[in-house]
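The structure appears below as structure tokens.
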Amino acid sequence: MGKRRGRARRKRRKRLSALDCVRITLGHEYQFVELRRWLKLRGFNSKYLIPAHFPGTGRGLMTTQPIKAGDLIISLPEKCLLTTTTVLGSPLGQYIKRWKPPVSPLMALCTFLISERHLEAKSLWKPYIDVLPKVYTCPVYFSQEVVNLLPGTLRKKAFEQRDTVQELYLSSFMFFKSLQPLFSQSVEDVFTHDAMRWAWCSINTRTVYMKHPQSEFLSREADVYALAPYLDLLNHSPEVQVEAAFNEKTRCYEIRTGPGCRKYEQAFICYGPHDNQRLLLEYGFIAKGNPHSVVYIDRDALQSCLTRGDKQLTQKLLLLKENNLLENLTFGLDGPSWRLLTALRLLSLKPVEFTSWKSVLLGAAVSADSEKRSLSLAGFLCRGLLDENSQVLEKIATMRRSAPVSLKAQLDLVECCLLFWGRCNHTMQVLSNTG
């Protein structure tokens, strides 16, 4: 009887686990039927992967049969890729070629996407435009009140991202006006700031790297973008390895799996060894269990734990600045980075130890007592960050009660980010208490 109960319990657990991983196929939906039909006319037909919705990641691609390590899972013909070559060969391209000074490759692609979305049924790229997200979850889409909830370094980057899009839009106003002959509607109503934000995020979050020859009609900025329909449905996992590149012989953008994948599972690719701050900024999501993720310590947080009575503090900060040790200070679940630990060691030096500053900058610990003070300083820093995180999480809980769905999605992302930072801060506190 015991063995039977054990088997029954295991089967029940297995069924419950399967419910947690429910995926809903999307291949029957009209927009995906049209996309696959459109791609087939251009020479692409996916044998291994179909669109599906997965809990946690949303839209993705599901395997229809087992995939072995090294299998070619996607081979997307060049004519399916949207690049600056596509743009320059379109009616819009004639206007771009005449415009001086030349627009950037990024601007050319943004303009094309906005134009094609406006054309609707008249657009040759309509099946692809239709499956692109209508809005994105990058911080450039966040409301002001949500941006203010972000940790210091991430908040600064979010403002920089917002400024980048704003500057791109304002600097292109006269170029947009030159495109009026292409539209019956006023270009001011077509090329809005919201349209620019959408196009910029579409390119920033969905392009693959593909180096193109320098065009005489575009600025000298690197032309390395390619929008890849269908392929861009593949989600990121920091745990997988794939080979992805444009094959000059087959003239296709190809992806080969690293570890392989079982039938009816989600297929992943890796966007790179990015921490969660970069993933949120560049792609609009947080990867749970990301081994590359770290907590960033900004200058304000660092200075909040400094001893004001330290007569050598000005010298210490100058040394850190000269050695570029006031930026990219981080710690993760395994403790402080070399840069942060070096900065804390220098700031913890007593006057009699200050002559050892060169050794400290090379990574040496001056003494056991000095090392203990460094970790104690780290603990003080973490306690401050934990308190700040707790206050922000309380604000999020309050805001969520009356927030609309779109705002709740933004709050969820900030909360995920803060919870991970909280785990790192706690780990650092434990290390400092045992030091």
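Because the structure is predicted, anything quoted here is derived from the model rather than measured.
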Next item on the list: Evaluate salt bridge (charged side-chain N to carboxylate O under 4.0 Å, His left out) for Asp130 paired with Lys126, printing each intermediate quantity in order.
Entry: CA-CA 6 Å; Asp130 284 349; Lys126 184 181 187 303; 2.6 Å; yes

Check: Checking salt bridge (charged side-chain N to carboxylate O under 4.0 Å, His left out) for the pair Lys97/Glu216: CA distance, chi angles, key distance, verdict?
Finding: CA-CA 8 Å; Lys97 290 175 182 178; Glu216 61 179 305; over 6 Å; no

Note to self: Taking CD in Gln166 as the centre, count heavy atoms belonging to other residues, nucleotides or ligands within less than 6.0 Å. Is the count above 12?
What the structure shows: yes

Next item on the list: Evaluate side-chain hydrogen bond (donor to acceptor under 3.5 Å, both in side chains) for Asp232 paired with Tyr128, printing each intermediate quantity in order.
Entry: CA-CA 11 Å; Asp232 61 7; Tyr128 178 54; 2.6 Å; yes

Note to self: Do Pro139 and Arg155 have side chains that approach each other closer than 4.5 Å (heavy atoms only, starting at C-beta)?
What the structure shows: no

Margin query: Please check if the number of heavy atoms outside Arg262 that lie under 6.0 Å from its CZ is greater than 12.
Written below: no

Next item on the list: Answer yes or no: is there a donor N or O on one side and an acceptor on the other, between the side chain of Gln161 and the main chain of Val140, under 3.5 Å?
Entry: yes

Notebook entry, point to check: Got a sec: does the NZ of Lys249 have more than 12 other heavy atoms crowding it under 6.0 Å?
Noted result: no

Item checked: Flag for Ser202-Tyr136: side-chain donor and acceptor within less than 3.5 Å -> yes

Next item on the list: Using the side chain to side chain contact (heavy atoms under 4.5 Å, CB included) rule, take Thr63 and Ile73 through it: C-alpha gap first, then chi angles, then the decisive distance, then the call.
Entry: CA-CA 9 Å; Thr63 59; Ile73 58 170; over 6 Å; no

Check: Going by heavy atoms in the side chains, are Phe285 and Asn235 under 4.5 Å from each other?
Finding: no

Item checked: Any donor-acceptor pair under 3.5 Å from Ser75 side chain to Glu254 backbone -> no

Margin query: Would you compute the distance between atom NZ of Lys40 and atom SG of Cys80 and round it to the nearest 0.5 angstrom?
Written below: 13.0 Å

Checklist line | Check: Asn290 side chain, His274 main-chain N or O, donor-acceptor pair, under 3.5 Å | finding: yes

Next item on the list: Could you walk me through whether Arg278 and Asp275 pass the salt bridge (charged side-chain N to carboxylate O under 4.0 Å, His left out) test, one step at a time?
Entry: CA-CA 6 Å; Arg278 183 168 178 185; Asp275 61 65; over 6 Å; no

Notebook entry, point to check: Below 4.5 Å, heavy atoms only, C-beta onward: do Val147 and Phe159 meet side chain to side chain?
Noted result: yes

Note to self: One thing to verify: whether Glu248 and Arg251 come together as a salt bridge, which I'm taking to mean a side-chain N less than 4.0 angstrom from a carboxylate O.
What the structure shows: yes

Check: Is it true that Glu327 and Arg339 have a side-chain N and a carboxylate O under 4.0 angstrom from each other?
Finding: no

Next item on the list: Tell me, with the steps shown, if Phe191 and Phe183 meet ring-ring contact (aromatic ring centres under 6.0 Å, His included).
Entry: CA-CA 11 Å; Phe191 295 95; Phe183 303 93; 5.6 Å; yes

Next item on the list: To the nearest 0.5 Å, tell me how far Ile255 CD1 sits from Ile74 CD1.
Entry: 5.5 Å

Margin query: Take a 6.0 Å sphere around CD of Glu388 and say whether it holds more than 12 heavy atoms from other residues, nucleotides or ligands.
Written below: no

Item checked: Pair Arg206, Tyr283: side-chain N/O donor-acceptor within cut-off below 3.5 Å -> no

Note to self: Quick test of your reading of the model: are Lys211 and Asp223 salt-bridged, counting only N-O distances below 4.0 Å?
What the structure shows: no

Next item on the list: Answer yes or no: is there a donor N or O on one side and an acceptor on the other, between the side chain of Thr84 and the main chain of Val87, under 3.5 Å?
Entry: no

Next item on the list: Walk me through it: do Phe246 and Leu81 pass the test side chain to side chain contact (heavy atoms under 4.5 Å, CB included)?
Entry: CA-CA 11 Å; Phe246 184 75; Leu81 301 174; 4.2 Å; yes

Check: If you round to the nearest 0.5 Å, how far is CG of Leu179 from CD1 of Ile96?
Finding: 7.5 Å

Item checked: Side-chain heavy atoms of Leu168 within contact of Trp200, under 4.5 Å -> yes

Item checked: Sub-4.5 Å side-chain heavy-atom contact between Leu362 and Ser359 -> no

Next item on the list: Flag yes if more than 12 heavy atoms outside Gln241 fall under 6.0 Å of its CD atom; otherwise flag no.
Entry: no

Margin query: Trp38 and ring pair (Phe, Tyr, Trp, His ring centres under 6.0 Å): which single residue from Phe44, Phe32, Trp125 fits?
Written below: Trp125

Margin query: Determine whether the aromatic ring centres of residues Tyr95 and Phe176 are separated by less than 6.0 angstrom.
Written below: no

Notebook entry, point to check: Under the ring pair (Phe, Tyr, Trp, His ring centres under 6.0 Å) test, which residues partner Tyr225, sequence neighbours left out?
Noted result: none

Item checked: Between Phe268 and His236, ring centroids under 6.0 Å -> no

Notebook entry, point to check: Could you walk me through whether Met399 and Glu145 pass the side chain to side chain contact (heavy atoms under 4.5 Å, CB included) check?
Noted result: CA-CA 10 Å; Met399 290 172 65; Glu145 56 185 338; 3.6 Å; yes

Margin query: Distance alone, cut at 3.5 Å: any donor-acceptor contact between the side chains of Gln410 and Thr137?
Written below: no

Check: Does a side-chain heavy-atom distance below 4.5 Å link Val33 with Arg36?
Finding: no

Notebook entry, point to check: Does a donor on one side chain sit under 3.5 Å from an acceptor on the other, for Gln144 and Arg162?
Noted result: yes

Next item on the list: Report the residue from Leu313, Asp310, Thr342 that forms a side chain to side chain contact (heavy atoms under 4.5 Å, CB included) with Leu347.
Entry: Leu313

Check: Counting N and O atoms only, with roles assigned by atom type, does the side chain of Glu415 sit under 3.5 Å from a partner on the main chain of Ile396, one being a donor and the other an acceptor?
Finding: no

Note to self: Main chain of Lys157, side chain of Gln277: is a donor-acceptor contact present, judged purely on distance under 3.5 Å?
What the structure shows: no

Margin query: Looking at Gln65, I want to see if its CD is surrounded by more than 12 non-hydrogen atoms of other residues, nucleotides or ligands under 6.0 Å.
Written below: yes

Item checked: Ionic contact status for Lys408 with Asp412, cut-off 4.0 Å -> no

Margin query: Looking at Ile67, is its backbone amide N or carbonyl O close enough to the side chain of Asp71 to form a donor-acceptor pair, meaning the two atoms are under 3.5 Å apart?
Written below: no

Note to self: Take a 6.0 Å sphere around NZ of Lys122 and say whether it holds more than 12 heavy atoms from other residues, nucleotides or ligands.
What the structure shows: no

Next item on the list: Could you check Glu78 against Cys252 for side chain to side chain contact (heavy atoms under 4.5 Å, CB included), going step by step and ending with a plain yes or no?
Entry: CA-CA 5 Å; Glu78 188 173 19; Cys252 294; over 6 Å; no

Next item on the list: Answer yes or no: is there a side-chain heavy-atom contact under 4.5 Å between Met107 and Ser172?
Entry: yes

Next item on the list: Could you tell me whether a side-chain N or O of Ser171 sits under 3.5 Å from a main-chain N or O of Glu167, the two making a donor and an acceptor?
Entry: yes

Margin query: Keeping Thr207 on the side-chain end and Ile203 on the backbone end, is there a donor-acceptor pair under 3.5 Å?
Written below: yes

Check: Between Thr257 (side chain) and Pro259 (backbone), is there a donor-acceptor pair under 3.5 Å?
Finding: no

Check: So, Glu282 versus Thr205: side-chain donor-acceptor pair below 3.5 Å or not?
Finding: no

Item checked: Cation over ring face, Arg197 and Tyr141, 6.0 Å, 45° -> yes

Item checked: Distance-only donor-acceptor check, side chains Glu160 and Thr164, under 3.5 Å -> no

Check: Are any of the side-chain heavy atoms of Arg37 and Glu34 separated by less than 4.5 Å?
Finding: yes

